[in-house]
Amino acid sequence: MNMCKVYVTASQKGGVAKTTTAGSLGIGLAKKGYKVLLVDADAQGSLTASLGYKEPDSMNDTLAVIMEKEIQDEEYDSNIFGILHHDEGVDLVPSNIELAAVEVALIQAMSRETILKRYIDKVKDNYDYIIIDSAPSLGLITINVLVAADKIIIPVQAAYLSVKGLEQLIKTISRVRRNLNNQLGIDGVLITMLDKRTVYAREIVELLDDAYGKAINIYNSRIPFSIRAVEATTKGVSIYKHDPKGKVAEAYGELTEEVLANA
Ligand code: ADP
Ligand code: MG
């Protein structure tokens, strides 16, 4: 039986640590011995760049090509095509600006919401966890990601929490659940970039609880703000490599445990 679980980091807001969380959770799981595939589903290629592939736009075999092949029903070896083996123990399907063209091509495609799921279902047997990093939009690529996923992780940046901003995402999730993927669930809301001096996690949790009751899990792990996280992104290595003893690495290690406990 295939036990692979597919997670996506999603938010209609940019700069809330979706990409950082996808990479850190994926490498956190790999460090525990799990087989992990990271999928960059953002045309910005931020996850790809954050893992040290500095020029995503010069790459050839990317998620865009895979999705085009799926749209065309073209034969290819899904076990190897477009999959990079990263030295921190994860596999990666990179992305670049070509994914923006796929967003347009999808409009005309047959079964346009399930193209990515077809690919994910083909590679699932090779992995314990697949983590998809999505773009801050609710376009067709992101819908494809939500259709392919089992669980959503929603990062919210502590200093700019907007409960209203979450509403649109949660509406989209409900719509996808009703029409396209009734397995889809929210694993949790992750409070990121928490600066203890200015914002108290307790207030944020209260705000979320007021708006959504206990319906949505809020992870106990909170990711503190640290310049080390920015440095890691810039350097193209994980936080575990850049600052292994730091508080961000510790917090993402805790999140990894929490996600495993929920699974
Ligand atoms: P998103 O994918 O939601 O746009 P990113 O993961 O790309 O967000 O993060 C946005 C920026 O914030 C990046 O420069 C990243 O290095 C930085 N960042 C991520 N996590 C933290 C953190 N815990 N503390 C400080 N900066 C962070
Ligand atoms: Mg991102």
Quiz item: Looking at side-chain heavy atoms only, is the closest gap between L190 and I154 below 4.5 Å?
Solution: no
Exercise. Locate the shortest heavy-atom distance separating A249 from P244; write the atom from each residue and the value.
Key: CB-O, 3.7 Å
Quiz item: Can you find a heavy atom in the side chain of V65 that is under 4.5 Å from one in the side chain of T62?
Solution: yes
Quiz item: Is T114 reaching over with its side chain to a backbone N or O of K117, donor-acceptor style, under 3.5 angstrom?
Solution: no
Quiz item: Do K35's NZ or CZ and the ring of Y129 fall within the cation-pi criteria of under 6.0 Å and 45°?
Solution: no
Quiz item: Looking only at heavy atoms, which two atoms of R222 and A251 are closest? And how far apart?
Solution: O-CB, 3.4 Å
Self-check item: Shortest non-hydrogen separation from T142 to A135 and the atoms involved
Solution: OG1-O, 3.8 Å
Quiz prompt | Closest non-hydrogen atom pair between G14 and K18, with its separation | solution = CA-NZ, 3.7 Å
Exercise. Provide the closest heavy-atom pair for D40 versus D42 in the form atom of the first, atom of the second, distance.
Key: OD1-N, 3.1 Å
Quiz item: Is there a donor-acceptor pair closer than 3.5 Å between any side-chain N or O of N96 and the backbone N or O of M59?
Solution: yes
Self-check item: Spacing of CG belonging to N220 relative to CG belonging to N217, to within rounding of 0.5 Å
Solution: 7.5 Å
Practice problem: Please check if any side-chain donor atom of S221 sits under 3.5 Å from a side-chain acceptor atom of Y252, or the reverse. | Solution: no
